[in-house]
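So the structure is just underneath, and the comments pick up after that.
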Amino acid sequence: MNEGELKRLVHELQLHQKELEQQVYLLKAVINNVPDPVFYKDPDGKYMGCNKAFEEYLDVQQEGILGKDVQDIETADMIELHHRMDKELIQKGGRVIYEAKNRPKDGNVRNDIVHKALFHKADGSLGGIVATVTDITELKHAKEALAESEAI
């Protein structure tokens, strides 16, 4: 390989690197701008990342989440349920949807719907679990108020 070919290859590699960096930046921007909390964990249940809404949801900065299990997060609730649903998802595949509760530092209980699915690496091996959390607290309160008013 001559010097000209080597320079061309280095230039191509630099272009590909910039393209990959832009794609990573775009994906992070998209995830951070999803209004519902989003997180993803490795197959062992350790958090690999999350969006800003998830940080606010748990009232913990991403640095306090990465590499940790749900039981290591002080503001997480219903840990056994989350572990059971993760295990079921990994065993059966597909998706799981379930209702859970969370009690952030302010002490107000939140009712949530959790959607979880598996994701795979480029080689097809299991990458982990990706999830979104939808706060349905106001909907629950409205349903309870409606039920009370109908009972009168």
Side-chain angles (χ1 to χ4, degrees), residues 13-152:
L13 279 172
Q14 289 171 336
L15 289 176
H16 289 300
Q17 182 178 356
K18 284 184 183 181
E19 185 179 318
L20 285 172
E21 287 171 358
Q22 289 176 345
Q23 288 178 3
V24 168
Y25 180 81
L26 174 62
L27 286 173
K28 285 181 179 180
V30 168
I31 291 170
N32 272 327
N33 285 292
V34 171
D36 284 337
V38 174
F39 64 88
Y40 43 103
K41 303 190 284 186
D42 67 20
D44 295 324
K46 305 289 185 204
Y47 288 101
M48 298 170 64
C50 65
N51 67 354
K52 298 283 184 200
F54 190 70
E55 289 178 331
E56 293 168 7
Y57 169 77
L58 286 181
D59 203 13
V60 177
Q61 294 296 309
Q62 189 167 146
E63 295 77 30
I65 298 169
L66 298 180
K68 294 188 177 177
D69 192 296
V70 67
Q71 67 214 25
D72 300 323
I73 309 299
E74 182 181 314
T75 54
D77 277 337
M78 302 182 79
I79 292 165
E80 291 177 20
L81 172 65
H82 295 303
H83 279 297
R84 188 172 72 246
M85 299 310 281
D86 287 356
K87 185 177 178 180
E88 177 182 318
L89 179 60
I90 289 173
Q91 289 175 348
K92 296 180 181 178
R95 299 174 183 271
V96 294
I97 301 169
Y98 60 97
E99 193 168 327
K101 292 184 181 186
N102 184 47
R103 185 172 291 110
K105 289 179 183 173
D106 67 11
N108 294 320
V109 175
R110 291 187 193 144
N111 296 282
D112 303 310
I113 298 291
V114 181
H115 293 253
K116 291 182 177 179
L118 298 179
F119 70 89
H120 294 84
K121 297 178 185 177
D123 66 4
S125 65
L126 180 61
I129 295 172
V130 61
T132 61
V133 180
T134 304
D135 185 344
I136 60 166
T137 305
E138 288 183 25
L139 181 62
K140 281 271 202 187
H141 292 313
K143 184 178 177 182
E144 290 167 4
L146 179 62
E148 286 177 18
S149 71
E150 289 176 347
I152 294 176

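- For the pair K28/V24, a side-chain contact is recorded, criterion being any heavy-atom separation below 4.5 Å from C-beta on.
- The aromatic rings of F119 and Y40 sit perpendicular to each other, their planes meeting at more than 60°, with 30° as the lower class boundary.
- Residues meeting the side-chain contact (heavy atoms from CB on, under 4.5 Å) test with S125, sequence neighbours left out: K121, D123.
- Counting heavy atoms of neighbouring residues, nucleotides and ligands inside a 6.0 Å radius, atom NZ of K46 exceeds 12 of them.
- Every residue meeting the salt bridge (charged side-chain N to carboxylate O under 4.0 Å, His left out) condition with D86, not counting sequence neighbours, appears here in chain and number order: K41, K116.
- A search for salt bridge (charged side-chain N to carboxylate O under 4.0 Å, His left out) contacts involving E99 returns K140, not counting sequence neighbours.
- In this structure, CG on L126 lies 5.0 Å from NE2 on H120, to the nearest 0.5 angstrom.
- N33 and A29 get closest at one heavy-atom pair: ND2-O, 2.7 Å.
- Note that CD of Q71 is 10.0 Å distant from CD of E80, once rounded to the nearest 0.5 Å.
- The aromatic rings of F54 and Y47 sit tilted, their planes meeting at an angle between 30° and 60°.
- Taking 4.5 Å as the limit, some side-chain heavy atom of L89 sits within range of a side-chain heavy atom of I129.
- Here the straight-line distance linking atom CD of E55 with atom CD1 of I65 works out to 6.0 Å at 0.5 Å rounding.
- Taking the side chain as every heavy atom from C-beta outward, E88 and V96 approach each other to under 4.5 Å.
- More than 12 heavy atoms of other residues, nucleotides or ligands shown are found within 6.0 angstrom of CD on Q23.
- Between I90 and L118, the closest side-chain pair of non-hydrogen atoms falls below 4.5 Å.
- Rounding to the nearest 0.5 Å gives a distance of 12.5 Å between OG1 of T134 and CG of N111.
- Other residues, nucleotides and ligands contribute at most 12 non-hydrogen atoms within 6.0 Å of the CD atom of E138.
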